[in-house]
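Working notes for the structure below.
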There are 2 protein chains.
Amino acid sequence: MNANIDIENFILDFSNSCQKKQKKNFSKNEVITTYIKNRNQLCILLDGYADLVRYDLNGNRTIVEHFSKNALFGEVFYTITTNNELLVEAKSNCTVLFYIYDDIFHKCSNNCKFHENLSENLPQLILNKVTDLNMRIELLTQRSTRDKLLRYFSLLSTRNLSKSFELPFSLTDLADYLSVDRSAMMRELKLLKEDGFIEKVGNRIILLYK
Amino acid sequence: MNANIDIENFILDFSNSCQKKQKKNFSKNEVITTYIKNRNQLCILLDGYADLVRYDLNGNRTIVEHFSKNALFGEVFYTITTNNELLVEAKSNCTVLFYIYDDIFHKCSNNCKFHENLSENLPQLILNKVTDLNMRIELLTQRSTRDKLLRYFSLLSTRNLSKSFELPFSLTDLADYLSVDRSAMMRELKLLKEDGFIEKVGNRIILLYK
DNA sequence: CATAATATGTTGCTTTTGCAACGGAAAATA
DNA sequence: TATTTTCCGTTGCAAAAGCAACATATTATG
């Protein structure tokens with residue numbers, strides 16, 4: 001998000017040199033990849049939206065991360081310790097670059113342009129991921145559904161530089177993202193409207209407080 | 001944790017060259033640093049234990065991260081958007097290296113050994129942080145206090161390669177780490193004992209299931 | 001060692017959340 | 001366009017979690 005690097009050029013080089021990579025298109029709702037230990041797959045979302053989703057043994061679905069253009073994902077970011085399924089699902093038509101690495105920070109033997117760019121830009125991209133994850137943690141540590149909603153709305157408001165913004169999720173998915181029950185979230189959403197904190201027009205939220 | 005880099009040597013060089021850094025000692029319960037926007041401070045915990053703690057407007061205390069030897073912290077990892085206080089508190093006697101950076105990934109003009117090592121090792125250290133944060137998120141997305149406890153215990157069990165392990169937290173702090181009410185957590189802990197899931201001897205937990 | 005401070009353990013009560021179920025709206029698909 | 005599927009919105013009831021208060025144990029500290 002706050003990357004001051006030339007990601008467009010990076011992506012371009014990423015796509016045009018070296019062999020251990022592959023570009024693929026996906027339609028909405030297709031599974032882009034699953035996280036499997038030791039496969040060493042790194043992915044970049046070139047276009048579209050996708051979610052990292054976990055299905056646990058109780059049947060709960062959790063949206064672990066929400067990815068948009070230029071997001072990095074793959075099991076390199078994950079220490080896989082559970083038997084839970086971890087899937088990346090396309091939420092729109094997507095273009096994804098897959099890359100299999102030996103050592104993620106080392107240049108390949110070919111000394112190709114792609115790897116030069118990768119090792120140059122990867123640290124900053126990963127740092128961006130850290131700040132994203134820290135924001136996610138701030139959301140999840142809110143103690144009530146109301147606080148989670150308000151914190152999330154405030155975040156979107158800041159990002160959009162406006163008190164009025166579109167939700168990037170369906171309400172069903174928002175509940176899975178905040179890790180709460182959908183009907184309980186709907187109830188809280190209604191209370192927030194009744195208490196004059198927000199207005200909701202379709203998929204658009206308008207914050208009414210200071 | 002899974003860093004296959006020579007962190008001891010890194011730390012050594014970190015300590016012995018270049019000027020924009022400072023080594024300090026802290027006693028238990030002292031505040032090591034607070035997160036302040038745009039100060040560009042990066043810290044490495046050379047020794048001891050420390051917590052990143054957030055105090056919110058409702059008076060809740062949350063342990064955002066728990067740091068041990070060689071952990072990286074500082075506002076570079078954080079997009080500070082709230083008015084909440086973010087403090088790093090020493091949980092034992094600590095030695096901390098502070099470093100003020102201009103551009104975190106660029107070598108300084110001196111071309112010193114410290115910066116050479118920093119830019120070499122930082123990416124891997126940050127990647128480790130990502131995997132830590134992802135585990136933290138997995139914990140926090142558990143839907144009940146029971147599931148949070150069991151997930152956390154399972155994690156410690158894996159780390160210690162044993163069904164029996166010491167808690168690195170007081171129970172009060174554990175509640176703040178899992179983002180739940182302490183008394184509710186104590187109740188759940190009792191139920192876990194009664195239901196035969198765990199045994200608890202002082203600060204030691206023993207897992208009794210498969 | 002005495003005393004203060006902090007942590008553990010417990011409980012009754014209240015509030016919040018989850019669960020299950022349903023009808024209607026909207027969107028996807030044949 | 002008709003029909004199926006998914007999503008939205010709601011509710012009653014049950015379960016879980018939070019709050020407040022307290023007693024006891026343990027740990028720091030003068």
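From a predicted model like this one, the values you see are computed outputs, not experimental measurements. Note on naming: letters A, B, ... go to the chains in the order of the sequence lines (proteins, then strands), and numbering restarts at 1 for each one.
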Subject >> Global bending angle along the helix from dC1(C)-dG30(D) to dA30(C)-dT1(D), which compares the axes of five pairs at either end, to 10 degrees >> reply: 60°
Tell me the interatomic distance from [X], atom [atom1], to [N], atom [atom2], rounded to whole angstroms.
X: D176(B); N: dC19(D); atom1: CG; atom2: C1'; value: 15 Å
X: R61(A); N: dT6(D); atom1: CZ; atom2: P; value: 12 Å
X: K91(A); N: dA28(C); atom1: NZ; atom2: P; value: 12 Å
X: L167(A); N: dC7(D); atom1: CG; atom2: P; value: 15 Å

Out of [options], which nucleotide sits closest to the side chain of [X]?
X: S170(B); options: dG18(D), dT8(C), dT10(D); value: dT8(C)
X: M186(B); options: dT17(C), dG18(C), dT8(C); value: dT8(C)
X: E188(B); options: dA17(D), dT11(C), dC8(D); value: dA17(D)
X: T172(A); options: dT17(C), dG18(D), dC7(D); value: dC7(D)

Between [X] and [Y], does at least one N-O distance fall below 4.0 Å, as a salt bridge requires?
X: K148(B); Y: E188(B); value: no
X: E138(A); Y: R151(A); value: yes
X: E75(B); Y: K37(B); value: no

Original post:
Of R143(A) and S183(A), whose nearest nucleotide on DNA chain D comes first from the 5' end?
Top reply: S183(A)
Original post:
Which residue lies toward the 5' end of DNA chain D, K200(A) or R187(A), if each is placed at its nearest nucleotide?
Top reply: K200(A)
Subject >> Side-chain donor/acceptor contact of R182(B) with base of dG9(C) under 3.5 Å >> reply: yes
Original post:
More than 12 heavy atoms of other residues, nucleotides or ligands under 6.0 Å from CZ of F26(A): is that the case?
Top reply: yes
Original post:
So which pairs with a foot in residues 86-96 of chain B pass salt bridge (charged side-chain N to carboxylate O under 4.0 Å, His left out), sequence neighbours left out?
Top reply: R61(B)-E89(B), K91(B)-D173(B)
Subject >> F153(A)/F197(A) aromatic ring centres below 6.0 Å >> reply: no
**OP:** Select base, sugar-phosphate, or nothing to describe what K28(B) touches, counting heavy atoms under 4.0 Å on all strands.
**Re:** sugar-phosphate
Subject >> Side-chain N or O of K190(A) closer than 4.0 Å to phosphate OP1/OP2 of dC8(D) >> reply: no
**OP:** Return no unless some side-chain N or O of T145(A) is found under 4.0 Å from OP1 or OP2 of dT17(C).
**Re:** yes
Original post:
Any idea how H66(A) and Y49(A) line up, ring-wise: parallel (<30°), tilted (30 to 60°), or perpendicular (>60°)?
Top reply: parallel
